[in-house]
Amino acid sequence: MTKKQKKALRRIIIAAAGLILINIISHFVVIGGKSFGSLLYGIPLAAIYIAIYIVIGGDILKKAFQGMRNRRLFDENFLMAVATLGAFALAIYERSGDYNEAIAVMLLYQIGEFFQSYAVSKSRKNITQLMDIRPDYANIEKDGKLEQVSPDTVEIGTIIVVQPGEKVPLDGIVVEGSSSLNTSALTGESMPREVSQNDEIISGSINLTGLLKVKTTKAFGESTVSKILELVENASSRKSKSEEFISKFARIYTPAVVYSALALAVLPPLVRMIFMQASGEWHTWIYRALTFLVISCPCALVISIPLSFFAGIGGASKEGVLIKGSNYLETLSKTKIIVFDKTGTLTKGVFEVTGVHHNKLENEKLLEYAALAECASSHPISKSLMTAHGKEIDRSRVSNIEEISGHGITALVDGKNLAVGNSKLMEKLGIEYHNCHKVGTIIHIAIDGEYAGHIVISDVEKSNSIIAIKELKKAGVEKTVMLTGDAQKVAQSVAADLGIDEYHSELLPGDKVDEVEKLIAGKAKNSVLAFVGDGINDAPVLSRADIGIAMGAMGSDAAIEAADVVLMDDDPLKISKAIKISRKCLGIVYQNIWFALVIKFACLALGALGIANMWLAIFADVGVMVIAVLNAIRALKV
């Protein structure tokens, strides 16, 4: 409990005790044959009640005054101040000596505010605990001793030591040791991940067993843990349409009910006096107007709707799905079409050389030339060629490397002009090539303008990809599409295996954008198109789609930056989970909106007719707010 909450609780206890005590004394204590209350009747009794009122409502009066001074007149503090002070004024005007109602209204309002504040802070604490991944220090070995330093002072390429039980402070590669890592806070996966020498590890995971020496590959500001925290912390700044509606609604609704209450207090008495020649009964209509004001307070909507989205984003984070704002959470819930990049998204992006055909050289020599030409590229296909070559690359043998987007690479190797790429590259250079009967990525190689052969490289489908497509169908996704730069045969094979509705192959990065544009133009008005990708070349498509989903573990920084949703463990099965979370959250939001509005307007009508009193008004305000807040917290539970 925060200091502010403890202070509020003390005020509630003191005011409640004071109200109970003064009522007991004034009604049951008899002095000289008269009740103590009758002896205090008038100014002394009013002074005691005013003192209790200031204890419980002083901060509300202060906020209301500050709001008026800052020209923010119509807020809940102003409504409560006017309603309770008005009830006091009526008691003084009628000389009833009954100030209980005014104090009870303020007391119950403060109790509701306390529970709301506690619930909100509890949900924030839960989310903070879920995301408790910020490392406090990094260990650097100096003169045989470990020295703890701030992670943001560690440079790229530094060797750090991560002991069992410690958080991994920076992204890096294991250079010594093996261990199990708990990555649940990052990916939502409960099973530990085994790592050993040459494995990449990400910051924020917890080292469970062995000692690791890690060579850092990113500065702290660019590390996974920093990116995650930045995404979650900034998520609340991107408002959903529902939140924007509530903000606009409150700006119009609150002044409207204040003027309505004023009209309710003034017009009926005037009509009675002028047209009916009857008593105005001013106190009756002023009481109804004050009740109307208490009922009208829009706290339930203003508080519970943002809290619902905040809780939904927190619940998704626990499952390893980072949603960058409540606007994206709302958009995600309407997803009907999902477009996938293939490599690294539906497949592992782990390519293996599975064949060398029509080779005029020895297989090893052809692989060597291909690996040398691709040595400057970080593309998975380039890495697979170097892995298949299996020897250290002598870059001094290579020069004049030129990458032709969507085609391949040309380079000068040992003084020979090499062209390594797909069939488009061969056609571009006017070189006759041989087609391959095997399914896979075909890398054609030409030396000094003469075709030398081709290498077959196959990707591996992710184990969850088939289940992911089925779950998306169950979640209400109407169409799945795969876009890839691979050959038509490869695309057809993968699409058939996974059960994808439509595919487009042999696409350049610009072609992917064009295909997404066509799909967006042809979709239904209220349906949403999501694109899922992981590479740098996917960034333009991620930005163009209604909502972009990036693979966070293997994905490029550009893709993660351009995306609206990030999957921390690259598991496509998380997409359907993210959609289900978003729909549950939106369901809770709509429940709160309808529940609050129906109760509010019903009680407003009853208050205007004189059927509802201050006690029902308090339920319509505080009760509805507490119920809505408790409902909002359900979004945390995934």
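Computed from heavy atoms alone, side chains included, the values below leave out hydrogens, waters and symmetry copies. Source: prediction; values computed, not measured.
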> Looking at Y369, does the NZ or CZ of K365 lie under 6.0 angstrom from its six-membered ring centre and within 45 degrees of the ring axis?
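Positive - K365 is close enough to the ring of Y369 and near enough to its axis.
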
> Mind checking ring-ring contact (aromatic ring centres under 6.0 Å, His included) for Y503 and listing every partner two or more places apart, or none if nothing turns up?
none

> Test S505 against Q488 for side-chain hydrogen bond (donor to acceptor under 3.5 Å, both in side chains), laying out the working first.
CA-CA 5 Å; S505 58; Q488 195 268 344; 5.6 Å; no

> Without hydrogens or angle criteria, can the side chains of T209 and S179 be said to hold a donor-acceptor pair below 3.5 Å?
yes

> Considering all heavy atoms of both residues, which atom of I313 and which atom of I323 are nearest to each other, and what is their separation?
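Minimum heavy-atom separation between I313 and I323: CG2-O, 3.8 Å.
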
> Determine the minimum heavy-atom distance between F531 and A545, stating which atoms define it.
CB-CB, 3.7 Å

> Of all the heavy-atom pairs spanning P151 and L170, show the shortest one and how long it is.
O-CD2, 3.9 Å

> Do E471 and S576 get their side chains close enough for a donor-acceptor pair, meaning under 3.5 Å?
no

> Which atom names give the shortest non-hydrogen contact between A371 and H389, and what distance separates them?
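That closest heavy-atom pairing would be CB-CB, 3.9 Å.
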
> Rounded at 0.5 Å granularity, tell me how far CD in Q163 sits from CG in L212.
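Result: 10.5 Å between the selected atoms.
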
> Can you tell me how far CD1 of I469 sits from CG of N464, rounded to the nearest 0.5 angstrom?
11.0 Å

> Going by the angle between their ring planes, with limits at 30° and 60°, are Y451 and Y433 parallel, tilted or perpendicular?
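Tilted: the ring planes of Y451 and Y433 meet at 30° to 60°.
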
> CD1 of I443 to OG of S382: how many Å apart, nearest 0.5 Å?
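Between atom CD1 of I443 and atom OG of S382 there are 8.0 Å.
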
> Would you call D546 and K334 a salt bridge, taking side-chain N to carboxylate O under 4.0 Å as the test?
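Salt bridge: no.
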
> I'd like to know if the side chain of D171 pairs up with that of T217 as donor and acceptor (distance under 3.5 Å, no hydrogens or angles considered).
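Looking only at side-chain atoms, T217 and D171 do not form any donor-acceptor pair under 3.5 Å.
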
> Run through I520, I338, I547 and flag the one making a side chain to side chain contact (heavy atoms under 4.5 Å, CB included) with L529.
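Per the side chain to side chain contact (heavy atoms under 4.5 Å, CB included) rule, the option paired with L529 is I520, out of I520, I338, I547.
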
> Give a yes or no on whether a salt bridge exists between E319 and K574, defined as a side-chain N under 4.0 angstrom from a carboxylate O.
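No, no charged N to carboxylate O under 4.0 Å.
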
> List the atom of L332, the atom of A578, and the distance in Å for their closest heavy-atom pair.
CD2-O, 3.6 Å

> Does any donor atom in the side chain of Q148 or D136 lie under 3.5 Å from an acceptor atom in the other side chain?
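Short answer, no.
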
> Taking only residues two or more places apart in sequence or in another chain, which ones pass salt bridge (charged side-chain N to carboxylate O under 4.0 Å, His left out) with E461?
none

> Please assess V513 against D511 for the test side-chain contact (heavy atoms from CB on, under 4.5 Å), listing each intermediate value before the final yes or no.
CA-CA 5 Å; V513 177; D511 297 331; over 6 Å; no

> Do K473 and E478 meet the salt-bridge criterion of a basic N to acidic O distance under 4.0 Å?
no

> Within a radius of less than 6.0 Å around NZ of K336, do more than 12 heavy atoms belonging to other residues, nucleotides or ligands occur?
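Check passes, neighbour count above 12.
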
> Could you state the interatomic distance from CD (E402) to CG (N400), rounded to the nearest 0.5 Å?
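Going from the CD atom of E402 to the CG atom of N400 covers 9.0 Å.
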
> Which atoms form the tightest heavy-atom contact between I581 and G312, and what is the distance?
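Closest approach of I581 to G312: CG2-O, 3.9 Å.
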
> Does any pair with a residue in residues 409-432 pass salt bridge (charged side-chain N to carboxylate O under 4.0 Å, His left out), and if so which ones, sequence neighbours excluded?
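Pairs touching residues 409-432 that pass the test: R397-D414.
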
> Salt-bridge test for K512 and E515: reply yes if a basic N is under 4.0 Å from a carboxylate O, no otherwise.
no

